[in-house]
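Single-structure report; data block below.
Note that this is a predicted model, so its numbers are computed, not measured.
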Amino acid sequence: MDMTSTAKQIDFYWRPGCGFCSSLKRGLDKLGVERVEHNIWDSKADAAIVRKHANGNEVVPTVVIGDKGLVNPSAGELLAFLADNAPHLLPEGVEAPQPGKVGRIVGRALRS
């Protein structure tokens, strides 16, 4: 059963010194996206969650909403995912960007 539509929060997994993590954090801060942050170097359990969603690797940032994990998403990709799967977690007044042609093709391929 997909638990994304009933997710209560956005879990953001990161580690110190990760430029991709810092970039995504800045983008989410700018948009007002609330999340619970987890430093994977502080918790073996958090690192294990990342490995579960990243094919056994500790790739960060990893964002988990309900039972779905997004590995190294952009802020736009995360907003689009939230709009489609967990709109209740989007900040009020924020709309997901519309994907271009390539984004629509990738989206269709991932949903198959």
Side-chain angles (χ1 to χ4, degrees):
M1 180 174 161
D2 181 3
M3 300 303 289
T4 306
S5 62
T6 59
K8 302 218 185 306
Q9 67 188 28
I10 298 167
D11 289 295
F12 181 99
Y13 295 87
W14 68 285
R15 67 166 172 74
C18 171
F20 294 108
C21 299
S22 297
S23 178
L24 183 55
K25 281 184 186 186
R26 281 191 305 274
L28 297 179
D29 286 345
K30 186 176 179 180
L31 295 166
V33 175
E34 293 186 23
R35 71 247 173 217
V36 177
E37 295 186 2
H38 307 271
N39 178 346
I40 67 166
W41 285 358
D42 287 344
S43 168
K44 289 181 181 183
D46 289 341
I49 290 169
V50 169
R51 287 191 303 273
K52 173 185 167 198
H53 292 284
N55 296 321
N57 300 300
E58 290 183 3
V59 179
V60 289
T62 291
V63 179
V64 178
I65 298 113
D67 59 354
K68 301 291 184 194
L70 291 85
V71 179
N72 196 18
S74 68
E77 289 168 337
L78 179 56
L79 288 179
F81 180 86
L82 290 172
D84 288 345
N85 300 283
H88 62 285
L89 295 175
L90 280 171
E92 191 171 320
V94 172
E95 293 184 21
Q98 297 301 311
K101 183 176 181 180
V102 172
R104 287 190 301 271
I105 292 169
V106 170
R108 281 193 301 265
L110 292 175
R111 284 190 278 277
S112 335

Passes side-chain contact (heavy atoms from CB on, under 4.5 Å), Leu78 versus Ile65? Steps please.
-> CA-CA 10 Å; Leu78 179 56; Ile65 298 113; 3.6 Å; yes

What verdict does the side-chain contact (heavy atoms from CB on, under 4.5 Å) test give for Asn55 and Val71, after you've listed the backbone C-alpha separation in whole Å, the side-chain angles of each residue and the deciding distance to 0.1 Å?
CA-CA 10 Å; Asn55 296 321; Val71 179; over 6 Å; no

Derivation of the side-chain contact (heavy atoms from CB on, under 4.5 Å) call for Phe81 and Val63: CA-CA 11 Å; Phe81 180 86; Val63 179; over 6 Å; no

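Side chain of His53 to backbone of Val59: no donor-acceptor contact under 3.5 angstrom is found.
Summarising the geometry of Gly32 relative to Pro91, their closest heavy-atom pair is O-CG, 3.3 Å, with the distance given to 0.1 Å. Closest approach of Val36 to Gln9, counting heavy atoms only: CG2-OE1, 3.5 Å. Residues Pro73 and Pro61 approach most closely at CD-O, 3.8 Å, considering heavy atoms. The two residues Arg15 and Cys21 have their closest heavy-atom pair at N-SG, 4.0 Å. Nearest heavy-atom pair across Gly66 and Val64 is O-CG1, 3.5 Å. Of all the heavy atoms in Phe20 and Asn72, the pair that sits closest is CB-OD1, 3.7 Å.
Here the side chains of Ile49 and Asp11 are not in contact, with every heavy-atom distance at 4.5 Å or above. Arg35 is listed as a side-chain neighbour of Asp29, based on a closest heavy-atom distance under 4.5 Å. A 4.5 Å side-chain heavy-atom check between Leu82 and Pro87 finds every atom pair outside the cut-off.
Between atom CD1 of residue Ile40 and atom OH of residue Tyr13 there is a gap of 10.5 Å, rounded to the nearest 0.5 Å. Rounding to the nearest 0.5 Å gives a distance of 7.5 Å between CG of Asp67 and NZ of Lys52. Here the straight-line distance linking atom CG of Leu24 with atom OG1 of Thr62 works out to 10.0 Å at 0.5 Å rounding. Note that the CG atom of Asp42 and the CH2 atom of Trp14 stand 7.5 Å from one another [nearest 0.5 Å].
Residues Asn39 and Glu37 bring no donor and acceptor atom of their side chains to less than 3.5 Å of each other.
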